[in-house]
Amino acid sequence: MSCMSGKKVRTRFAPSPTGFMHVGNLRTALYAYLLAKSQGGDFVLRIEDTDRARYVEGAVQVIYDTLARAGLRHDEGPDRPGDCGPYVQSERREIYGKYAEELVRKGSAYYCFCGKQEPAEEGDESVTDASEVCPCCGMDPVEAAKRASSGEPFVIRQKIDRSGVSVFTDAVFGEITIENKVLDDQILLKSDGMPTYNFANVVDDHLMGITHVVRGSEYLSSTPKYNLLYRAFGWELPVYVHLPLIMGRNAEGEISKLSKRHGSVSFENLLAEGYLPEAVVNYIALLGWSPKSDQELFSLEELVERFDVSGLNKSPAVFDYGKLRWMNSEYIKRLSPEEFAAAAHPFAALPEKLEPVWGKIASLLHQRTELLSEIPQKIAFLAELPSYETDLFFNKKSKSSPETAKAVLAELLPRFEALEEMAREAVGKLIEDYAEAHGVKLGQPMWAVRIALSGLPVTPGGPGEIMEILGREESLKRLRAALERL
RNA sequence: GUCUUCAUCGUCUAGAGGCCUAGGACACCGGGUUUUCAUCCCGGCAACACGGGUUCGAAUCCCGUUGAAGAUGCCA
């Protein structure tokens, strides 16, 4: 029997340690967490490492780190002992063997000695026909057991009755009907004694008292086979919550599935690109689930409060970096100045001479940063003036051109030189005076000075702020150089 | 190929027969504020895949077509 009893909701997240966390998997974890927590239930972490060929060193730590950074605290797991351990499948080997044999005794599984099937050729469309039953299925159980115990390699397959139909209800997709004739005698126990996902999942979910199975919709069509297993054991079925897939866009702009095998969109990847973990969590929460209101920004606590299975969508969702980016900027803007400076600093790649003015730079950056990784390119001009074409002095809106810029710089340079300190206010005043005296838009002198100082059309902060950071000497040097070129 | 599923603006979505001349958000375009660019604010563009039903009435229900995705592994 299950080690947990009672009606408490229990969900689990069961990733395999591959070394990175695909956002699709993280979203599955999120929903499992939200479902449990919204019901006051438990969220369990289980490591599915039954494929020894795919074992990656340190991968379990990646999973812990990801869940911690995403704020998804599990109640039980390898690192948080509970009553249903061990929580690592490779440590549960004997358990699966025992249950597989029980199934053989009950006539719902059998030993198979056919050996490994060679993988089909690339492009070969012929697929194994489920109606073709393995010849070992009819073997005398006594003889089969004898051969198995004599050391002959074997696997244990599920014995499926191909007659009739299987019907089950999914919390998202509703009633699903599948003809049993398309079901195959899937392998439950591999020749190395490890269980397959298909078997380990059922056994563990039952043993760990999982009430709601939350997973991707790719498992929809194999769910009848799991149900047959539950029934063979006489176990109660869990509530199924299948999630729509997350799709991606390739370089050609075509939409295809965001494959978890290609792993291009991993959580750690996104963080390295300068997305905040809270923003990523918020974004993926809305990829396939709707709060049914116009609110889009949610803290994890709010999500727990608002989460409901009825908001889950059936159709696949395309992962959109543009929207993530916007959401990230919203989260960045909500950071305190201190938090922003701290979060942005590792990304800034600041040259030593600018280190003392980082606070000033950060305050300019704060409200105009969407991605932390873009900071270096935004502030590179402070360390070194980039080369630029004088065409940059053209600007339609402020009616600027190289000629107007020349006039501006020629007149303002001596006045800037007269300043003892390049304070924002003082610089601004001189520029304003120029605009007023010449009856031009303020943008005109602003534009000219900005370009001369930075070589860029868009900068964090205006001329006054830039000169303050650059200092008197460097500012004047750049302005003189620009004037000379004009 | 077979099986299963899905189908509203470019994208994420609201919509559970009349409240829909289909709402919100991102992106895009335009305007305004701002000591300039950006931020911010305001406005605009833009969708019910198609064809049949059912109904007084369909984005919403049914059937078909088309399209898309998943499964069909000693991977999970």
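Side chains included, hydrogens not; waters and symmetry mates left out as well; all remaining heavy atoms used. The structure displayed is predicted, hence computed values, not measured ones. Every chain is numbered from 1, with letters handed out A, B, ... down the list of sequences.
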> Phosphate oxygens OP1/OP2 of A76(B): is one of them under 4.0 Å from a side-chain N or O of T50(A)?
Replying inline: yes

> With both distances kept under 3.5 Å, what pairs with C37(B), Watson-Crick or G-U wobble?
Replying inline: none

> Sub-3.5 Å donor-acceptor pair from the side chain of W289(A) to the main-chain atoms of S310(A), do we have one?
Replying inline: no

> Choosing from A76(B), A14(B), C12(B), which nucleotide comes nearest the side chain of V318(A)?
Replying inline: C12(B)

> Mind checking whether Y321(A) and Y275(A) have parallel, tilted or perpendicular rings, split at 30° and 60°?
Replying inline: tilted

> Side-chain N or O of K190(A) less than 4.0 angstrom from OP1 or OP2 on A76(B)?
Replying inline: yes

> So what does R325(A) hit on the nucleic acid, given a heavy-atom distance under 4.0 Å: a base, only sugar-phosphate, or nothing?
Replying inline: nothing

Could you list the protein-to-nucleotides 28-32 of chain B atom pairs, N/O on both sides, closer than 3.5 Å?
none

> Base, sugar-phosphate alone, or nothing: which one does S191(A) contact when heavy atoms must sit under 4.0 Å apart?
Replying inline: base

> Rounded to the nearest 0.5 Å, how far apart are CG of L453(A) and CZ of F381(A)?
Replying inline: 8.0 Å

> Side chain of F173(A): nearest nucleotide among U5(B), U35(B), U39(B)?
Replying inline: U5(B)

> So what does S293(A) hit on the nucleic acid, given a heavy-atom distance under 4.0 Å: a base, only sugar-phosphate, or nothing?
Replying inline: nothing

> Just checking K333(A): base, sugar-phosphate only, or nothing, at a heavy-atom cut-off of under 4.0 Å?
Replying inline: sugar-phosphate

> What is the nucleic acid contact for G464(A), judged by heavy atoms within less than 4.0 Å: base, sugar-phosphate only, or nothing?
Replying inline: nothing

> Considering only side-chain heavy atoms of L245(A), which listed nucleotide, U35(B), G70(B), C6(B), is closest?
Replying inline: G70(B)

>> Distance check, P atoms only: G43(B) and G52(B), in whole angstrom units.
In response: 39 Å

>> Using atom P in both nucleotides, what's the gap between C3(B) and U65(B) to the nearest angstrom?
In response: 12 Å

> Within the structure, does a side-chain N or O atom of K323(A) lie under 4.0 Å from either OP1 or OP2 of A27(B)?
Replying inline: no

> So what does N313(A) touch, heavy atoms closer than 4.0 Å: a base, only the sugar-phosphate, or nothing?
Replying inline: sugar-phosphate

Close N or O pairs between protein and nucleotides 44-50 of chain B (under 3.5 Å):
none

> NA contact type, I187(A), heavy-atom cut-off 4.0 Å: base, sugar-phosphate, or nothing?
Replying inline: base

> In terms of the angle between their ring planes, are Y64(A) and H74(A) parallel, tilted or perpendicular, with boundaries placed at 30° and 60°?
Replying inline: parallel

> Taking the six-membered ring of Y55(A) as reference, does the NZ or CZ atom of R52(A) fall below 6.0 Å from its centre and within a 45° cone about the axis?
Replying inline: no

> Nearest to the side chain of T196(A) - C74(B), G70(B), C37(B)?
Replying inline: C74(B)

> P atom, C50(B) versus C9(B): distance in rounded Å?
Replying inline: 10 Å

> Where do F307(A) and Y31(A) land on the ring-ring contact (aromatic ring centres under 6.0 Å, His included) test, with the steps shown first?
Replying inline: CA-CA 8 Å; F307(A) 188 78; Y31(A) 289 156; 5.7 Å; yes

> Using a cut-off of 4.0 Å on non-hydrogen atoms, how would the nucleic acid contact of S290(A) be classed: base, sugar-phosphate, or nothing?
Replying inline: sugar-phosphate

> Quick check: are there more than 12 heavy atoms from other residues, nucleotides or ligands sitting under 6.0 Å from NZ of K406(A)?
Replying inline: no

>> Can you tell me which nucleotide in C6(B), G10(B), A76(B) comes closest to the side chain of P316(A)?
In response: C6(B)

> Any idea how F319(A) and Y283(A) line up, ring-wise: parallel (<30°), tilted (30 to 60°), or perpendicular (>60°)?
Replying inline: perpendicular

>> With rounding to the closest Å, how many angstrom separate the C1' atoms on U60(B) and A16(B)?
In response: 7 Å

>> Give me the distance, rounded to whole Å, that separates C28(B) from U11(B) when you measure between the C1' atoms they each carry.
In response: 12 Å

> Is Q89(A) touching bases, backbone alone, or none of the nucleic acid, heavy atoms closer than 4.0 Å?
Replying inline: nothing

>> Would you measure the distance from the P atom in A76(B) across to the matching atom in A68(B) and give it in whole Å?
In response: 30 Å

> Do Y197(A) and Y219(A) have ring centres separated by under 6.0 Å?
Replying inline: yes

>> Pairing check on G43(B): which nucleotide meets the Watson-Crick or G-U wobble criteria with it, both distances under 3.5 Å?
In response: C29(B)

> Is G462(A) touching bases, backbone alone, or none of the nucleic acid, heavy atoms closer than 4.0 Å?
Replying inline: base

> Between C12(B), U35(B), A76(B), which one does the side chain of L287(A) approach most closely?
Replying inline: C12(B)

> Is the ring centre of H242(A) less than 6.0 Å from the ring centre of F173(A)?
Replying inline: no

> With both distances kept under 3.5 Å, what pairs with U4(B), Watson-Crick or G-U wobble?
Replying inline: A69(B)

> Would R147(A) count as a cation-pi partner of F113(A), with NZ or CZ less than 6.0 Å from the six-membered ring centre and within 45° of the ring normal?
Replying inline: yes

> Between K314(A) and E432(A), which is nearer to the 5' end of RNA chain B once each is assigned its nearest nucleotide?
Replying inline: K314(A)

>> Strictly by Watson-Crick or wobble contacts shorter than 3.5 Å, is anything paired with G64(B), and which nucleotide is it?
In response: C50(B)

